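Quick caveat, the model's predicted, so the values are computed rather than measured. Throughout, residue positions are numbered sequentially from 1 according to the sequence presented.
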Amino acid sequence: MLVKPVDYEAGKRYPLIVQMYSYVDGEFLTDGLYPTAFAARHLASVGFVVLQIKKKPDTLSEADPQIHLEGYRSAIESLDAAGLVDRSRVGVVGFSWTCWYAVNALIRDPKLFAAATIADGLDNSYMQYLIFGVGAYPILRQMERIRETSPFGDGLKKWMEEAPGFHLDRVQSPVRIEAINPGSVLQEWELYASLRIQNKPVDLVYFPHGTHIHQKPLERLESQQGTVDWFRFWLQGYEDLDPAKQTEYERWRVLQRTSPTVQPTGASTGSDSTVKRAAQSLP
């Protein structure tokens, strides 16, 4: 399902956000399927094309994220060929199960997405196996089925070859991570800590009393507006002048300056002076 900007002009190329999870055919699309990190209409109102993609896992194996990666590549190529999008300014949102797909894409094709949001999800990596292996038996067996072995003894070699956590050195995109409740912090810690230790641009947003699918209005607002602000900064070179957000932007500018691989897309250089700013905050 494709959402175009409200002031869409034929022939103009727009930044693209790919939202990975699902949709219901024939139903009006507001956020995406869920309000956690998905913000389709909000993004369209500020100049993005948004593609909502339905996950279609065919096999519980390493082939699953690869099949979806080929689908994302094909979608971006098609929209680029149609003159709708600027393929150098494409972002991705992974939520829950599709965090695995998003992280895999950031590793396997580092230049495909110029920014990413990962929200409260599985990536079937080593640390998550250890966390969920105690008290979450079905998830443990699920990960063992994906890798066809446990990460012990001879099986560790296969895990090191395939599990995302061992290949995060390949990630080049700025990554915004949403952790919802204390267990989610542990779940996302391998991704966050690895990127931060490598001085890669990463931000961790914590909802201490949140739910997997956000219910409280303020949590929905923080999640969705955070997604909008993140992609506007990295893909449009835009900052909101709302005083309450200035600390956040200061942090992101530091990430921008210190990153060994990332340049802001949509601005002529990486300097603060080139970043466009809004006259007032978004509603």
Side-chain angles (χ1 to χ4, degrees), residues 17 19-22 30-40 42-43 52 55 57 60 65 91-106 115-144 146 151 163-165 168 171 173-197 200-231 244-245 247-248 251-252 255:
I17 304 299
Q19 295 189 160
M20 302 179 181
Y21 200 83
S22 193
T30 52
D31 309 314
L33 189 64
Y34 301 118
T36 303
F38 292 154
H42 313 282
L43 288 162
Q52 183 71 32
K55 62 183 175 70
L60 195 61
V92 61
V93 182
F95 165 65
S96 193
W97 181 256
T98 62
C99 288
W100 184 26
Y101 302 162
V103 173
N104 178 74
L106 297 179
T117 288
I118 303 297
D120 195 36
L122 289 170
D123 59 18
N124 295 303
S125 201
Y126 179 72
M127 186 170 178
Q128 290 188 354
Y129 177 91
L130 297 180
I131 292 170
F132 293 120
V134 179
Y137 189 80
I139 297 179
L140 177 142
R141 289 303 178 211
Q142 172 182 289
M143 293 187 190
E144 290 179 347
I146 289 170
L168 295 173
V171 174
S173 307
V175 180
R176 178 179 183 271
I177 303 171
E178 288 192 15
I180 302 171
N181 70 49
S184 180
V185 174
L186 294 177
Q187 175 177 304
E188 304 298 346
W189 193 256
E190 182 179 37
L191 175 62
Y192 171 70
S194 178
L195 294 179
R196 179 166 179 176
I197 290 169
K200 296 177 182 289
V202 60
D203 205 12
L204 177 63
V205 182
Y206 177 44
F207 297 84
H209 305 293
T211 52
H212 187 55
I213 300 171
H214 284 306
Q215 303 298 320
K216 297 178 181 179
L218 287 179
E219 291 173 344
R220 288 189 177 192
L221 176 62
E222 178 62 30
S223 177
Q224 294 177 315
Q225 188 64 58
T227 290
V228 173
D229 290 344
W230 182 255
F231 287 129
K245 297 181 180 181
T247 300
E248 177 178 77
R251 184 170 69 252
W252 294 354
L255 297 178

Original post:
Gln19 and side-chain contact (heavy atoms from CB on, under 4.5 Å): which partner among Leu43, Thr98, Leu33?
Top reply: Leu43

Subject >> Exercise: identify the closest heavy-atom pair between Met143 and Phe132 >> reply: CE-CD1, 4.2 Å

Original post:
Which heavy-atom pair separates Ala179 from Glu188 by the least distance, and what is that distance?
Top reply: CB-CG, 4.5 Å

**OP:** Specify the closest pair of heavy atoms between Gln142 and Leu60, including all atoms of both residues, with the distance to one decimal.
**Re:** CG-CD2, 3.8 Å

**OP:** Mind checking side-chain contact (heavy atoms from CB on, under 4.5 Å) for Ala119 and listing every partner two or more places apart, or none if nothing turns up?
**Re:** Thr36, Ala37, Phe95, Glu178

Original post:
So, does Gln128 use its side chain to make a donor-acceptor pair with the main chain of Gly121 at under 3.5 Å?
Top reply: yes

Original post:
How far does CD of Gln225 sit from CH2 of Trp230, to the nearest 0.5 angstrom?
Top reply: 14.5 Å

**OP:** Would you sort out whether Phe231 and Val93 count as a side chain to side chain contact (heavy atoms under 4.5 Å, CB included), showing the intermediate values?
**Re:** CA-CA 10 Å; Phe231 287 129; Val93 182; 3.6 Å; yes

Enumerate donor-acceptor pairs with a distance under 3.5 Å from any side-chain N or O in residues 205-214 to protein atoms, sequence neighbours excluded.
unit_1 : atom_1 : unit_2 : atom_2 : d
Thr211 : OG1    : Ile213 : O      : 2.7
His212 : ND1    : Asp120 : OD2    : 2.5
His212 : NE2    : Ser96  : OG     : 2.9

Subject >> Exceeds 12 heavy-atom contacts within 6.0 angstrom, atom CZ of Arg196 >> reply: no

Subject >> Side-chain donor/acceptor of Lys200 to backbone N/O of Val171, under 3.5 Å >> reply: yes

Original post:
Can you list every salt bridge (charged side-chain N to carboxylate O under 4.0 Å, His left out) pair that touches residues 134-144, not counting sequence neighbours?
Top reply: Arg141-Glu144

Original post:
Does a side-chain heavy-atom distance below 4.5 Å link Val202 with Tyr192?
Top reply: yes

**OP:** Check each of Leu204, Thr227, Ile118 against Arg176 using the side-chain contact (heavy atoms from CB on, under 4.5 Å) test, and report the only one that passes.
**Re:** Thr227

